[in-house]
J.: 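Got a structure for you, questions after.
Only a predicted model underlies this, so the values are computations on that prediction, with no experimental measurement involved. Every chain is numbered from 1, with letters handed out A, B, ... down the list of sequences.
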There are 2 protein chains.
Amino acid sequence: MAEELRTLVERLKAVSHPLRLRVLSLLELGELCNCQIAETLQVPASSVSEALRELRRAGFVAERKDGRWVFMSLVSRELASPFLKGLLEEAAAVPELQQDRARALAVRALAIPVVCSKVQRDAPTEREAARV
Amino acid sequence: MAEELRTLVERLKAVSHPLRLRVLSLLELGELCNCQIAETLQVPASSVSEALRELRRAGFVAERKDGRWVFMSLVSRELASPFLKGLLEEAAAVPELQQDRARALAVRALAIPVVCSKVQRDAPTEREAARV
DNA sequence: AGTATATATCGGAAATTAGCGAAATATCAT
DNA sequence: ATGATATTTCGCTAATTTCCGATATATACT
């Protein structure tokens with residue numbers, strides 16, 4: 001049970017990154033699939049996928065596959081950890097993350113296929129116009 | 001009061017580092033000077049100084065100068081932050097950090113000049129022999 | 001089978017960070 | 001002032017991380 005220093009550092013590094021922190025914060029709303037997150041945050045799907053991989057590696061999120069979609073959610077055991085609980089509490093007060101969450105709610109209100117077919121999956125559509 | 005995403009990420013990055021996390025953990029015992037930390041952790045004084053600089057930049061620690069010594073301590077306001085509180089709670093259970101703290105208590109029991117004159121201040125004395 | 005779509009992985013250039021000895025700075029002691 | 005000592009900054013290489021388009025893989029639909 002006793003956690004290693006290295007493990008704790010890896011967990012910290014996993015969340016010390018703007019995109020990964022934004023994704024983590026979104027998942028507090030409940031499970032989301034890659035494309036919902038990509039659409040919400042207006043970033044390439046491959047970047048979201050990489051962010052999720054790191055968060056999974058650190059043990060924060062788990063995946064549930066359903067057909068071609070992969071839904072990610074926070075691991076409840078982690079949610080009980082003092083560190084993550086404190087971090088999310090602090091994150092809840094960050095304006096940018098609040099805006100992300102508001103967008104996510106709007107995105108989640110749509111049917112997934114509708115959302116996902118809109119996602120810029122690599123073509124440099126309008127990344128520049130990514131106003132929050 | 002509202003914290004920026006970037007600020008939160010910088011705070012996280014500051015502690016996502018083995019040495020910096022060890023130093024932060026030590027400071028929970030109370031204020032310590034650079035050489036006490038260097039002696040406790042058996043690392044070069046310049047590395048400790050850099051670690052402290054980052055922790056200070058992130059707002060976690062403050063300095064109190066007293067003659068040629070600079071005593072560092074945790075900022076009490078930060079200690080109240082949910083994130084740092086959670087992190088320290090988790091850190092308290094990490095064996096390596098527990099050992100560090102035990103060493104720090106022993107080091108602190110000695111007079112500072114005695115401790116500091118022993119510190120390898122750059123000469124590669126016996127860094128290899130750094131058994132915990 | 002073939003097409004479409006969702007996600008993951010790869011490649012690789014650019015940026016950032018780590019680590020530590022050497023040198024600089026600051027303060028005390030004589 | 002000279003020397004000793006505590007701390008910081010500098011220089012610089014190596015290692016790591018970031019980012020995203022391209023490519024690969026997986027599943028669904030027809």
Side-chain angles (χ1 to χ4, degrees), chain A residues 9-10 12-23 32-39 41-58 61 63-72 111-128 130, chain B residues 6 9-10 12-23 32-39 41-58 61 63-72 111-125 127-128 130:
Chain A
V9 169
E10 290 311 315
L12 285 163
K13 278 209 275 202
V15 296
S16 304
H17 180 286
L19 180 57
R20 295 196 293 263
L21 190 52
R22 293 175 80 192
V23 170
L32 293 169
C33 72
N34 200 311
C35 67
Q36 289 177 308
I37 298 171
E39 170 65 17
L41 303 182
Q42 296 286 296
V43 297
S46 67
S47 298
V48 172
S49 182
E50 279 170 350
L52 286 168
R53 161 156 43 93
E54 294 306 310
L55 291 174
R56 221 180 313 130
R57 178 176 301 171
V61 316
E63 65 177 40
R64 175 180 72 82
K65 302 193 90 167
D66 179 10
R68 68 190 122 167
W69 291 289
V70 179
F71 289 92
M72 312 295 301
I112 289 185
V114 175
V115 171
C116 292
S117 49
K118 286 175 47 184
V119 173
Q120 71 229 53
R121 202 157 8 268
D122 269 323
T125 345
E126 47 161 2
R127 201 174 327 102
E128 282 68 42
Chain B
R6 180 185 315 191
V9 169
E10 290 311 314
L12 285 163
K13 279 209 274 201
V15 296
S16 305
H17 181 285
L19 180 57
R20 295 197 292 264
L21 190 51
R22 293 175 80 191
V23 170
L32 293 169
C33 71
N34 200 311
C35 68
Q36 289 177 308
I37 298 171
E39 171 63 19
L41 303 182
Q42 297 286 295
V43 296
S46 67
S47 297
V48 173
S49 181
E50 281 168 350
L52 286 167
R53 163 157 41 94
E54 294 306 312
L55 291 174
R56 220 180 313 129
R57 176 176 302 172
V61 314
E63 65 176 41
R64 177 180 71 84
K65 302 194 91 168
D66 180 10
R68 69 190 120 166
W69 292 290
V70 180
F71 289 92
M72 313 295 299
I112 288 187
V114 174
V115 171
C116 292
S117 49
K118 286 175 47 182
V119 174
Q120 71 231 50
R121 199 155 13 268
D122 269 323
T125 343
R127 200 174 327 99
E128 282 67 43

J.: With sequence neighbours left out, write down each residue that passes side-chain hydrogen bond (donor to acceptor under 3.5 Å, both in side chains) with B/Ser16, or none if nothing qualifies.
T.: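 With neighbours one apart ignored, the set is A/Ser16.
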J.: Any side-chain heavy atom of B/Val15 within less than 4.5 Å of one from B/Arg20?
T.: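 Counting from C-beta outward, B/Val15 and B/Arg20 never come under 4.5 Å.
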J.: For B/Arg57, check salt bridge (Lys or Arg N to Asp or Glu O under 4.0 Å) against everything at least two apart and list the hits.
T.: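 Salt bridge (Lys or Arg N to Asp or Glu O under 4.0 Å) check on B/Arg57 returns B/Glu54.
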J.: Enumerate the protein-to-nucleotides 12-19 of chain C contacts in which both atoms are nitrogen or oxygen and the separation is below 3.5 Å.
T.:
{"residue": "C/dT17", "atom": "OP1", "partner": "B/Lys13", "partner atom": "NZ", "Å": "3.4"}
{"residue": "C/dA18", "atom": "OP1", "partner": "B/Arg20", "partner atom": "NH2", "Å": "3.3"}
{"residue": "C/dA18", "atom": "OP2", "partner": "B/Arg20", "partner atom": "NH1", "Å": "3.3"}
{"residue": "C/dG19", "atom": "OP2", "partner": "B/His17", "partner atom": "NE2", "Å": "2.7"}

J.: Among C/dT7, D/dT7, C/dC20, which nucleotide has an atom closest to any side-chain atom of B/Ala45?
T.: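 For the B/Ala45 side chain, the nearest candidate turns out to be D/dT7.
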J.: With 3.5 Å as the limit, what N/O pairs link the protein to nucleotides 27-30 of chain D?
T.:
none

J.: Run the side-chain hydrogen bond (donor to acceptor under 3.5 Å, both in side chains) test against B/Arg6 and tell me which residues pass, sequence neighbours left out.
T.: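 So B/Arg6 forms no side-chain hydrogen bond (donor to acceptor under 3.5 Å, both in side chains) with any residue.
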J.: Roughly how many Å is it from CZ in A/Arg57 to C1' in D/dT17, rounded to a whole number?
T.: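 Nearest whole value for this atom pair: 12 Å.
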J.: Report the distance from atom CG of B/Leu52 to atom P of D/dT9, rounded to the nearest whole Å.
T.: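 To the nearest whole Å, that distance equals 11 Å.
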J.: For B/Cys33, does its backbone N or O pair with a side-chain atom of B/Gln36 as donor and acceptor, under 3.5 Å?
T.: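 Checking the backbone N and O of B/Cys33 against the side chain of B/Gln36, a donor-acceptor pair under 3.5 Å is found.
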J.: Among C/dA8, C/dA6, D/dT7, which is the nearest nucleotide to the side chain of B/Trp69?
T.: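 Closest nucleotide to the B/Trp69 side chain: D/dT7.
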J.: OP1, OP2 of C/dA8 versus side-chain N and O of A/Ser49: anything below 4.0 Å?
T.: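 Looking at the OP1 and OP2 atoms of C/dA8, one of them is under 4.0 Å from a side-chain N or O of A/Ser49.
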J.: Using side-chain hydrogen bond (donor to acceptor under 3.5 Å, both in side chains) as the criterion, list what pairs up with A/Arg68, not counting sequence neighbours.
T.: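 So A/Arg68 forms no side-chain hydrogen bond (donor to acceptor under 3.5 Å, both in side chains) with any residue.
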J.: Between D/dT8, C/dT7, D/dG21, spot the one nearest the side chain of A/Val70, thanks.
T.: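 For the A/Val70 side chain, the nearest candidate turns out to be C/dT7.
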J.: Please name all residues satisfying salt bridge (Lys or Arg N to Asp or Glu O under 4.0 Å) with B/Arg56, sequence neighbours left out, ordered by chain then number.
T.: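 Result, salt bridge (Lys or Arg N to Asp or Glu O under 4.0 Å) vs B/Arg56: B/Glu63.
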J.: Contact between A/Ile37 and A/Leu52 at the side-chain level, heavy atoms closer than 4.5 Å - yes or no?
T.: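 Side chain of A/Ile37 against side chain of A/Leu52, heavy atoms only: contact under 4.5 Å found.
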J.: Taking atom P of C/dT7 as reference, at what distance in whole Å does atom CD1 of A/Ile112 sit?
T.: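 A/Ile112 atom CD1 is separated from C/dT7 atom P by 8 Å.
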J.: Specify the separation, in whole Å, of atom CG of A/Leu32 and atom C1' of C/dA6.
T.: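 So the CG-C1' distance, A/Leu32 to C/dA6, works out to 15 Å.
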J.: If the condition is side chain to side chain contact (heavy atoms under 4.5 Å, CB included), which residues does B/Ser49 pass it with, not counting sequence neighbours?
T.: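 Partners of B/Ser49 under the side chain to side chain contact (heavy atoms under 4.5 Å, CB included) test: B/Asn34.
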J.: What is the separation between atom CG on A/Leu12 and atom P on D/dT17, rounded to the nearest whole Å?
T.: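 So the two atoms are 14 Å apart, to the nearest Å.
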J.: Just to confirm, is there a sub-4.0 Å distance from OP1 or OP2 of C/dA8 to any side-chain nitrogen or oxygen of A/Arg53?
T.: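 So the side-chain polar atoms of A/Arg53 never come under 4.0 Å of the phosphate oxygens OP1 or OP2 of C/dA8.
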J.: From CD of B/Glu39 over to P of D/dT5, roughly how many Å is that when rounded to an integer?
T.: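 Taking atom P of D/dT5 as the reference, CD of B/Glu39 is at 15 Å.
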